[in-house]
Amino acid sequence: MSEIGRDLVAWYRAAHRDLPWRRTRDPWRILVAEIMLQQTRVQAVLPYYERFLARFPTPAALAEASPQEALAHWAGLGYYGRARHLQKAARRISAAGAFPADFDAIRGLPGVGDYTAAAVASIAFGLPYPVVDGNVLRVVARISNDPGDIASASTRKRFATVAGSWLDVSDPGTFNQALMELGATVCLPREPNCLLCPVAAHCAARAAGTQQELPVKLRRARAERLEHTLLRIERNGALLMWQQNDPAQRMYGFWELPYREQLPAARPGRLVGEFRHTITHHHYRFRVMTATVRETPEGFRWLTPEERQILPVSTIARKALGAVRRTAARS
DNA sequence: AAGCCGGGGAG
DNA sequence: CTCCCAGGCTT
């Protein structure tokens with residue numbers, strides 16, 4: 001093993017965080033963790049992980065569940081395509097009778113790309129594949145003092161080769177988690193804590209003083225601003241809502257409050273709440289108004305509080321109802 | 001290669 | 001406000 005690998009693993013054994021998915025080598029539990037952790041912070045995943053696995057402890061359990069229930073257990077975590085892919089993967093694993101045990105078979109599961117396949121292969125099966133996530137890109141860029149744009153495929157391929165050259169083939173899973181743990185807790189994006197770093201002596205950026213400039217990422221996204229009004233229409237304690245039934249649209253499968261434009265015939269009442277919400281590069285400002293309707297509009301349903309507990313309700317709808325409660329409490 | 005998908009925390 | 005997070009899929 002490389003010196004960097006040895007130092008990283010020794011540091012990791014002494015300093016790593018105790019996280020629930022580090023207490024198992026069950027490939028199903030590892031897979032669920034890795035899917036949940038895609039572009040999602042550890043702190044955000046923690047409340048979901050055990051709850052999800054308590055309900056779906058095996059691939060068969062998720063395979064047999066309704067898509068609605070799977071989605072309801074994912075609601076609030078974001079990137080809902082992951083929940084649909086995971087259920088497809090669960091059905092495939094369940095039908096095969098065993099979890100796929102080599103890299104290519106794991107990589108072939110829906111929702112599993114290069115990162116997730118390497119993570120499951122190394123952590124659950126001890127196979128020697130280096131993971132390359134955002135943490136690893138940052139750590140490699142700094143240790144190598146490499147100014148390549150991490151948005152480009154060629155840079156990612158080069159960095160993967162470097163990470164692979166450090167890999168501890170006797171325990172790839174621990175090495176991979178050590179490299180990511182360093183990025184998550186020490187080699188931070190804005191302010192790397194080089195004084196605590198176990199591999200500072202090997203770090204070319206540290207030597208050159210360029211650690212704050214790395215990694216280089218050229219792509220930039222801009223935010224679009226939008227405004228909408230949602231309607232809170234209540235009847236006998238139930239709320240008028242609709243379900244996003246178009247797979248091509250955002251939030252497919254989720255229940256939403258009516259938008260003002262959807263119900264031109266509704267009679268608006270008073271403003272009862274206001275909140276902001278950001279989805280990728282869309283920055284929304286929502287107003288919430290009470291309203292009344294003469295009859296149930298086509299495509300809408302009255303959802304009781306009990307139904308809203310079980311069904312997948314969008315974060316926007318949850319925020320809207322929360323904003324109403326706070327506004328009502330103040331007035 | 002670029003665009004898109006959620007949501008929240010840090011600075 | 002901007003940036004980023006244990007990324008992957010589609011075009």
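Numbers restart at 1 for each chain; the letters A, B, ... are given by sequence-line order, proteins then strands. Owing to the predicted nature of the structure, the values given are computational and were not obtained by experimental measurement.
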Residue pairs involving [range] (criterion salt bridge (charged side-chain N to carboxylate O under 4.0 Å, His left out); sequence neighbours excluded):
{"range": "residues 102-111 of chain A", "result": "A/Arg107-A/Asp114"}
{"range": "residues 74-98 of chain A", "result": "none"}
{"range": "residues 20-42 of chain A", "result": "A/Asp18-A/Arg23, A/Arg22-A/Glu181, A/Arg29-A/Glu50"}

Heavy-atom closest contact (A/Ile30 atom, A/Ile123 atom, distance) =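 Scanning both residues completely, I find the closest heavy atoms to be CD1-CG2, 3.7 Å.
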ask   = If you link I, L, V, M, F, W and Y whenever their side-chain heavy atoms are under 4.5 Å apart, who else ends up in the same group as A/Val216?
value =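 For the cluster that includes A/Val216, the remaining residues are A/Leu214, A/Leu218.
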query = Near DNA chain C, which residues from residues 147-160 of chain A have a heavy atom under 4.0 Å away?
reply =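 Nucleic-acid contacts, sorted: none.
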query = In terms of the nearest nucleotide of DNA chain B, which residue is placed more toward the 5' end: A/Arg190 or A/Thr280?
reply =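 The residue closer to the strand's 5' end, by nearest nucleotide, is A/Thr280.
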request  = Could you pull out all residues at least two apart from A/Asp246 that satisfy side-chain hydrogen bond (donor to acceptor under 3.5 Å, both in side chains)?
outcome  =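 Listed in chain order: nothing, the list is empty.
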With [atom1] as the reference atom in both, quote the distance from [N] to [M] in angstrom, rounded to an integer.
{"N": "C/dC4", "M": "B/dC5", "atom1": "C1'", "answer": "15 Å"}
{"N": "B/dG8", "M": "C/dG8", "atom1": "P", "answer": "22 Å"}
{"N": "B/dA1", "M": "C/dC5", "atom1": "C1'", "answer": "22 Å"}
{"N": "C/dT11", "M": "B/dG6", "atom1": "P", "answer": "16 Å"}

With sequence neighbours excluded, residues passing side-chain contact (heavy atoms from CB on, under 4.5 Å) with A/Ser66 =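 Applying side-chain contact (heavy atoms from CB on, under 4.5 Å) to A/Ser66 gives A/Gln68, A/Glu69.
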request  = Look at all strands and tell whether A/Ile35 reaches a base, only sugar-phosphate, or nothing, counting heavy atoms closer than 4.0 Å.
outcome  =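 Counting heavy atoms under 4.0 Å across all strands, no contact is made by A/Ile35.
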message = Over all strands shown, is A/Met251 touching base, sugar-phosphate only, or nothing at heavy-atom distances under 4.0 angstrom?
response =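 A/Met251: backbone/sugar contact only, no base atoms under 4.0 Å.
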query = Along DNA chain B, 5' to 3', what are the outermost nucleotides having an atom less than 4.0 Å from a heavy atom of chain A?
reply =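 With heavy atoms of chain A under 4.0 Å away, the range is B/dA1 to B/dG11.
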ask   = A/Trp166: what forms a ring-ring contact (aromatic ring centres under 6.0 Å, His included) with it, not counting sequence neighbours?
value =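 So A/Trp166 forms no ring-ring contact (aromatic ring centres under 6.0 Å, His included) with any residue.
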key: Set of residues satisfying ring-ring contact (aromatic ring centres under 6.0 Å, His included) with respect to A/Phe159, sequence neighbours excluded   =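 If we apply the ring-ring contact (aromatic ring centres under 6.0 Å, His included) test to A/Phe159, skipping adjacent residues, there are no hits.
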query = With sequence neighbours left out, which residue pairs that include part of residues 190-216 of chain A fulfil the side-chain hydrogen bond (donor to acceptor under 3.5 Å, both in side chains) condition?
reply =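 Residue pairs passing side-chain hydrogen bond (donor to acceptor under 3.5 Å, both in side chains), neighbours aside: A/Asp7-A/His202, A/Asn145-A/Thr210.
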Aromatic ring proximity, centroids under 6.0 angstrom, A/Tyr48 and A/Trp74 =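 No: the rings miss the under 6.0 Å criterion.
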inquiry  = Treating primed atoms plus P, OP1 and OP2 as sugar-phosphate and everything else as base, which nucleotides of nucleotides 5-11 of chain C get B, S or - for protein heavy atoms under 4.0 Å?
reply    = BBBSS--
task = Please state how far atom NE2 in A/His282 lies from atom C1' in C/dT2, giving the value in whole angstrom units.
result =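 Spelled out: NE2 on A/His282 to C1' on C/dT2 is 17 Å.
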